[in-house]
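Computation of the quantities below employed the complete heavy-atom set of this structure, encompassing side-chain atoms and omitting hydrogens, waters and symmetry-equivalent molecules. Worth saying up front: this structure is predicted, and the values here are computed from it rather than measured. Just so we're on the same page: letters track the sequence lines, and every chain starts at 1.
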Amino acid sequence: MYKPVSNKIDFAAMEKDILTLWAKEDTFQKSMTERKSASEFVFYDGPPFATGLPHYGHLLAGTIKDIVPRYQTMRGHYVDRRFGWDCHGLPVEYEVEQDLEISGKTEIEKMGVDKFNEACRSIVLRYTREWREIVTRMGRWVDFDRDYKTMEPTYMESIWWVFKALWEKGLIYEGSKILPYCPRCSTPLSNFETNQGYRDVADPAITIRFKLDNEPNAYILAWTTTPWTLPSNMALAVGKDITYVRVKEKDAVYYLAKARFAEYYKKPEQYESVTELKGSELLRLTYEPLFPYFADKKAEGAFRVVNADFVSTEDGTGVVHIAPGFGEDDYRLGLAEQIPVVCPVDEEGRFTAVIKDYAGQDVKKADHPILARLKEEKKLVHRSQILHSYPHCWRCDTPLIYRAISTWFVKVEQIKDRLIEANKKVHWVPEHLRDGRFGKWLEGARDWAISRNRYWGTPLPIWRSKDGDEMVCVGSIEELEQLSGQKISDLHKHNVDKLEIPSRNGKGTLKRIPEVLDCWFESGAMPYAQAHYPFENKEHFESHFPADFIAEGLDQTRGWFYTLMVLSVALFDKPAFKNVIVNGLVLAKDGKKMSKRLKNYPDPVHVINSYGADALRLYMVNSPVVRTEDLCFSEDGVKHVLRDVLIPLWNAYSFFVTYANIDGWHGDGTSGCSSNNVLDRWIRSSLESLAVKVTTAMDNYDLQNAARPFVGFIDDLTNWYIRRSRRRFWKSQDDDDKEQAYRTLSYVLIQLSRIAAPFIPFMSESIYQNLRSKGMPESVHLCGFPVPDGSNRDEELEEQMAEVMTVVKLGRLLRAEKDLKIRQPLASMHVVSRNPEILRRIETRMDIIIDELNVRKLEFGVHETELADLKAKPDFKRMGPRLGPLVKAAAGVIAKMDGKTIENILSGAKISLSVNGQNVEVDSNDIIVERIPRKGLVVASEGPVIVALETELSSDLIQEGLAREFVNKIQNMRKTADFEVTQRIKINFTSDAEIKEAVMKFIDYLKTETLCLDLNFVQSKPAGANDWDINGHSCAIEVIPVKK
RNA sequence: GGGCGUGUAGCUCAGUUGGUUAGAGCGCGUCCCUGAUAAGGACGAGGUCACUGGUUCGACUCCAGUCACGCCCA
């Protein structure tokens, strides 16, 4: 006995049972340990932050990260899957600041970095329990017990090793970076934070004149919205290809962009003459500094006109004031042009003593006095206001300033060629990312700023003397213990900052620099750090790097994909991964971003509980989101997966179990499934084709094309194989055919559960558990993935069946046209084709068609012109290349050919056509023939097959039609009464003479079909009878259940 | 502003090296079927393949440009 299966199923409940089973049997562990000695398939899991709950993006990536390892496990590989947690970084620090109601560096240092960091440590794993629950509920098998955490000492130690390896390769240097900076909080802000704080504000927009050195009374006009940066002006930038004008006024000369001229000179009397020149002609000019503070920098190359490609003429004067200490473009330009950098602003955003007139003043507040002074010195030409979007501190709402911050870098540009080279070895899904988005990003790669002026992160392992001359980079705990003479158990800032290293050169003690590492450096080091390489697992790691597979979202192009690549290339000159699936964004139904605030998407837990994790998994994976396209999440879509795939599959399974139990049939597990029944052979062959399709797609990491064929197969299984085979399962005698049907269906269901296991692990397991026999592995996930061996494959049979289906489709079409329901038997159907091969094949499968279409016989013929007119057109693919421009004219001639000519050609004749005076030879391969059914006949055609229906009804046929109609009514009554399928019944009915005669004529057929033991005609309507209309005859039927 | 991607039926998506009737599912309408099905089948309506130009005998497909949307970067 199989466990009885209801066709009313609660998917979520079924899945929870499976979870319990897996937990009890420790199935996941077994799938690993059983393959411990097998070849390894290496998977790396990117670490999420556990400070928030998982959303659809995580569920999607998690599903992909489950399907591939499950598949590879079934292919015989050992696939270690360790979950990881990203523990460090700003998001955690913000959470803690909010929890502790403090804000900014000053307050953190006041309370103590040790307390702050320990607070971070205490909350960072806040939601790990919820994550584990949801990830597990989604059916993802991943090892949470051996998870890696970026804050663990072993992990951090490996990061130090990575850092030192880079250091020793000369890939680390200290430089400056222009960052958004909050003067009140005394801290630089990340891009992410900056983006949160844009607000529209009014700022001064001023035009200043810079006096040129070599032309008397001549000035360049520049424009700025940050007057306070003017004392730090070091250069003026123009675009070398932009057209400028030299404007002569009465007593002075001005230079500005031609495109901006009209903004400044609205009346002709303002100037005397205007001449044009290119920006390149301005490049050698030098000018007088606006302020005296850095006048000495002129010797170092300051105060000249330089070229910059970022100059535009959209606003201002087409000349950009350059203060390399206060703007990113300015800074880079400064480096390129060797312009000195000055940054006379302190940590609190006040001018330093160098700017003696404004020393100690808040820079923003100094705008006004600076303006007043410029005006007084007649350097201010124009003044207005601009309303623009400007970043503010998201915490304290202070306008941010951009300023140079000392930062440590990885020399990415130096290894760029190797990065590009390594990337070529990676198989990206979708492919275009390799040379597209990711490749382009690598080509434009800049040095990577890896230090953060924060607290909760892996400290940069650099100790330095007070004068900065002596530096030690530490690469391990042991090394630090030796150098410092202290025992160390934790590597966080508050612990290692206390440690000092004695100088080797008599420079007193070396102290650690204050910065911590960018958390992207930490996650990029994950391949090494999760294994505590090279301190442990050295050989294993080196023989199992790079990973075979990773999968994350498109947002990781600049994130994890990039940092993995940079570090692995820097260390080993290899990519860190061989195959990568990049998923797109999961958006709300309306195409907008999912937003908790707007509640524009259903809660994942609700979706899982309503439709099941299998449905959600299959919905996501059978969509272009696994190829980086966006997915507009639709609950209806999940429902449809359920309806189109999962419910039919479940019902096929439930059908099988129901009848197998009735017959007491059980698979012995040893049998193959050889059968001489054509349906059996066909479905097995289709199954084999399915396995081939899935395997091919999966080996190519193409999940969508791996998931898609299930839909078609399940349709074939339920709506053709089972529907056509139904009666084979009801036959009361246990003949061979019935045995073959059971064997085949059980084989197909078991194999299907194995093919589907990676995608819908719950339902696959549920089916497998019930159908498996003793000798088989105890879980579908411990099975091998079906290997197509070809012995069950019969592609010709698959094509034949497709032909049969076509004929059936045509027959149904004709019946529908003539309003003849299938229950009404018809005398015969004609199948006509000039191709005897096709006729022969259809004849072989004649019984299926006769049964399906309820016709007494099929008649075959070759004379298609009796039923249809022939029309021809050229096969352009053949004739196009041959005829070139003539093909259009030829098409016209061919279209006019009569049926006889076409028949001749089809029979093998070669015809010579005259096309625009040229001879064109045409044979049967050159044309495509269309069959147009003759009007007035019941004829339909598709491809080379024509079908015609005999629609005349004899009294015999009418009587059989009535009998079948009668059966149908009884079946409906059985169903309404909710009888068991094996329930025997007694029938009393009353009707007119015609029905009575038909029923009595087919009484044996009727009784067999309806499991009726006793069928009686009665004179008056029985008490429990239902009234029916049978083809226009009225009739009353009573159905009474009887014991066997 | 730059890079990448997307644009095909009301909706979700297929569409192979260019080949002449552009497909599927859902939804809608009509009919059929039901002794597994929250079902199933057939038919029908529904398309300027975003737009413009080019290459070609022939373009949804290749090329150039434009527009819209998305993501990333600035």
When you measure from the side chain of [X] to the backbone of [Y], do you find a donor-acceptor pair of N or O atoms at a distance under 3.5 Å?
| X | Y | answer |
| --- | --- | --- |
| A:Asn968 | A:Arg964 | no |
| A:Arg974 | A:Thr1010 | yes |
| A:Ser725 | A:Arg728 | no |

Every protein N/O within reach of nucleotides 25-33 of chain B N/O, cut-off under 3.5 Å:
{"residue": "B:rC26", "atom": "O3'", "partner": "A:Arg643", "partner atom": "NH2", "Å": "3.4"}
{"residue": "B:rC26", "atom": "O2'", "partner": "A:His640", "partner atom": "NE2", "Å": "3.0"}
{"residue": "B:rG27", "atom": "OP1", "partner": "A:Arg643", "partner atom": "NH2", "Å": "3.0"}
{"residue": "B:rC33", "atom": "OP1", "partner": "A:Arg823", "partner atom": "NH2", "Å": "3.4"}
{"residue": "B:rC33", "atom": "OP2", "partner": "A:Arg823", "partner atom": "NH2", "Å": "3.3"}

Consecutive Watson-Crick or G-U pairs in runs of at least 3, all under 3.5 Å, in which RNA chain B is involved: B:1-7 with B:67-73, B:10-13 with B:23-26, B:28-32 with B:40-44, B:50-54 with B:62-66
With sequence neighbours excluded, what pairs up with [X] under the salt bridge (Lys or Arg N to Asp or Glu O under 4.0 Å) test?
| X | result |
| --- | --- |
| A:Glu960 | A:Arg856 |
| A:Arg723 | A:Glu852 |
| A:Asp518 | A:Arg452 |
| A:Lys969 | A:Glu965 |

Validation row, ring centre A:Phe633 to ring centre A:Tyr56 under 6.0 Å: yes
Could you write nucleotides 4-10 of chain B as a row of B, S and -, 5' to 3', where a protein heavy atom under 4.0 Å of any base atom gives B, of only sugar-phosphate atoms gives S, and otherwise -? BSS----
Once base and sugar-phosphate atoms are separated, protein heavy atoms under 4.0 Å mark nucleotides 53-66 of chain B, 5' to 3', with B, S and - as ----BS--------
Using a strict heavy-atom distance below 4.0 Å, which residues from residues 617-627 of chain A are in contact with RNA chain B? A:Pro624, A:Arg627
Just grab all the salt bridge (charged side-chain N to carboxylate O under 4.0 Å, His left out) pairs involving residues 433-443 of chain A, residues at least two apart or on different chains. none
Run the ring-ring contact (aromatic ring centres under 6.0 Å, His included) test against A:Trp650 and tell me which residues pass, sequence neighbours left out. A:Tyr653
Pairs where residues 638-648 of chain A contributes a residue and the test side-chain hydrogen bond (donor to acceptor under 3.5 Å, both in side chains) is met, not counting sequence neighbours: none
